[in-house]
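Single-structure report; data block below.
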Amino acid sequence: MIPFSGNPLDRASEKRVDADWIAARRRDPSSLILPMWRLQPFILGGEKSPPPVELGLLRPGLCESLAALDAPCVFLGLEGQNAMFALDISAARDPVSEGAIAGLGHFRDARAAAASLPIKDAAIMGQAKAMIDWHNRHGFCARCGEATTFEEAGYKRACPECKAEHFPRTDPVVIMVAVNSDPKLGDACLVGRNKNFPGNFYSALAGFIEPGETIEEAVRRELMEEVSVKVGKVRYHSTQPWPFPSSLMIGCIAEAQSRDFKVDGTEISDARWLDRDTAKRLIYGERMPDISVPPALAIAHHLIKAFADGEA
């Protein structure tokens, strides 16, 4: 399963409008709260604990004193009959040494945490991060500039001045590998190197879907813009919620009509075709001096792996 997918929670969206029910669950001893400090999730145990690590889900009463009075506390959903929340405690100066959570764990960068958490916990953490991040970015009305209020257990912000309603958004992104089959050269997939990538890192190409554009059209446009590759058939592979800050990565395989390419030189600094054997060796951990590919945390890894394994 691709990281950040497989969220096990029942989001119980019908409960969000019931303020009394939400307030009662906030106090319920069986409920769980995930503290988020500057968008970092709370992890139980020491910073050097080997994976898998455990998400720091706490009973009510342990972390609330660390939060500002107006800090967002978002209802994430139900696990069985138990409610789960994410609470922003960014107001705390040093939360691991303050209050009742001192000595219980630590806060870890969300990407690093996701690589060490069980798959279902990574998905819950991703939901929590995306939601808290959205509240941090949308404290004011985009229509009139008035401060907005927290509504519906965190899934709406309302403007008291112009009555506009604002809802969490997810930005759709296409991410794709172009593939080509040549009778003489064999099969290959195209990976690119963004100018901001470190070292010898190459990945699948990606870009935001624009208004009025289909997934297939976005794939074709991005490949033409970034590497001047013309493709025919586009096939859907899989999706990944990507909470950095809040995107849905739509993974695709695109059939390139040739292996000719020309990088744009602005966003993409280099690209190369990988034959199936090279792709497989990279995906399964072989280190090469001139190229590396994404880890299993990213959907790009799974797209390249699909090609390497003959599934794309």
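Just so you know, these numbers come straight off a predicted model, no measurement behind them. Because only heavy atoms are used, hydrogens play no part in the values below, and waters and symmetry mates are left out as well, while side chains stay in.
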Donor-acceptor pair, side chain of [X] and main chain of [Y], under 3.5 angstrom:
X	Y	value
Ser258	Asp260	yes
Ser116	Pro51	no
Glu226	Met224	no
Asp133	Leu39	no
Asp10	Ala12	yes
Ser5	Ile2	yes
Glu98	Asp94	yes

Give, for atom CG of Asn180 and atom CZ of Arg259, the distance between the pair rounded to the nearest 0.5 Å. 4.5 Å

In Å, rounded to the nearest 0.5 Å, how long is the span from CG of Asp109 to NZ of Lys129?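 Here the interatomic distance stands at 9.0 Å.
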
If we count only N and O atoms by modelled type, under 3.5 Å, do the side chains of [X] and [Y] hold a donor and an acceptor together?
X	Y	result
Asp88	Ser90	yes
Ser181	Asp187	yes
Tyr202	Asp270	yes
Arg235	His237	no
Thr149	Glu151	yes

Could you check whether [X] pairs with [Y] (Lys NZ or Arg NE/NH1/NH2 to Asp/Glu carboxylate O, under 4.0 Å)?
X	Y	answer
Arg143	Glu161	no
Lys280	Asp275	no
Lys195	Glu267	no

Worked verdict on Arg16 versus Glu152 for salt bridge (charged side-chain N to carboxylate O under 4.0 Å, His left out): CA-CA 5 Å; Arg16 298 170 186 166; Glu152 295 187 7; over 6 Å; no

Are there more than 12 heavy atoms of other residues, nucleotides or ligands under 6.0 Å from atom [atom1] of [X]?
X	atom1	answer
Glu255	CD	yes
Glu14	CD	yes
Arg38	CZ	yes
Phe201	CZ	yes

Can you tell me which residue among Pro243, Pro245, Ser246, Pro168 is in a side chain to side chain contact (heavy atoms under 4.5 Å, CB included) with Trp134? Pro168

Out of Thr239, Ile250, Ile299, which one pairs with Ile175 under the side chain to side chain contact (heavy atoms under 4.5 Å, CB included) rule? Ile299

Same cluster for [X] and [Y] if Ile/Leu/Val/Met/Phe/Trp/Tyr side chains link at under 4.5 Å?
X	Y	result
Val179	Ile304	yes
Val177	Trp273	no
Ile268	Val191	no
Val173	Val234	no

Search all heavy atoms of [X] against all heavy atoms of [Y] and return the closest pair with its distance.
X	Y	answer
Gly154	His135	O-NE2, 2.7 Å
Ala123	Gly6	CB-C, 4.1 Å
Ile89	Trp37	O-CD1, 3.2 Å
Ile43	Ala113	CD1-CB, 4.2 Å
Ser203	Pro294	OG-CG, 3.3 Å
Leu9	Gly77	CD1-N, 4.2 Å

Before giving the answer on salt bridge (charged side-chain N to carboxylate O under 4.0 Å, His left out), spell out for Glu79 and Lys120 the whole-Å C-alpha distance, their side-chain angles and the decisive distance to 0.1 Å. CA-CA 11 Å; Glu79 188 170 39; Lys120 75 177 187 67; 3.6 Å; yes

Heavy-atom check, side chain of Leu34 versus side chain of Phe85, under 4.5 Å: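 With C-beta onward as the side chain, the pair stays apart.
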
Intermediate values then yes/no, salt bridge (charged side-chain N to carboxylate O under 4.0 Å, His left out), Glu47 and Arg108: CA-CA 8 Å; Glu47 294 186 23; Arg108 185 177 295 189; over 6 Å; no

Check step by step if salt bridge (charged side-chain N to carboxylate O under 4.0 Å, His left out) holds for Asp28 and Arg25. CA-CA 5 Å; Asp28 190 326; Arg25 300 290 78 73; 3.6 Å; yes

Check the orientation of Phe4 and Phe244. Use parallel for under 30°, tilted for 30 to 60°, and perpendicular for over 60°.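 Phe4 vs Phe244 ring planes: perpendicular.
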
Mind telling me whether Phe75 and Trp21 have parallel, tilted or perpendicular rings, with 30° and 60° as the class edges? perpendicular

Between Val227 and Asp264, does the side chain to side chain contact (heavy atoms under 4.5 Å, CB included) criterion hold? Intermediate values first, please. CA-CA 6 Å; Val227 288; Asp264 65 5; over 6 Å; no

Examine Arg157 relative to Phe150 and say whether NZ or CZ is less than 6.0 Å from the centre of the six-membered ring and inside a 45° cone about the ring axis.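 Because its charged atom misses either the 6.0 Å distance or the 45° angle limit, Arg157 does not stack over Phe150.
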
Show your working on side chain to side chain contact (heavy atoms under 4.5 Å, CB included) between Leu205 and Glu222 and close with a plain yes or no. CA-CA 8 Å; Leu205 300 173; Glu222 286 289 342; over 6 Å; no

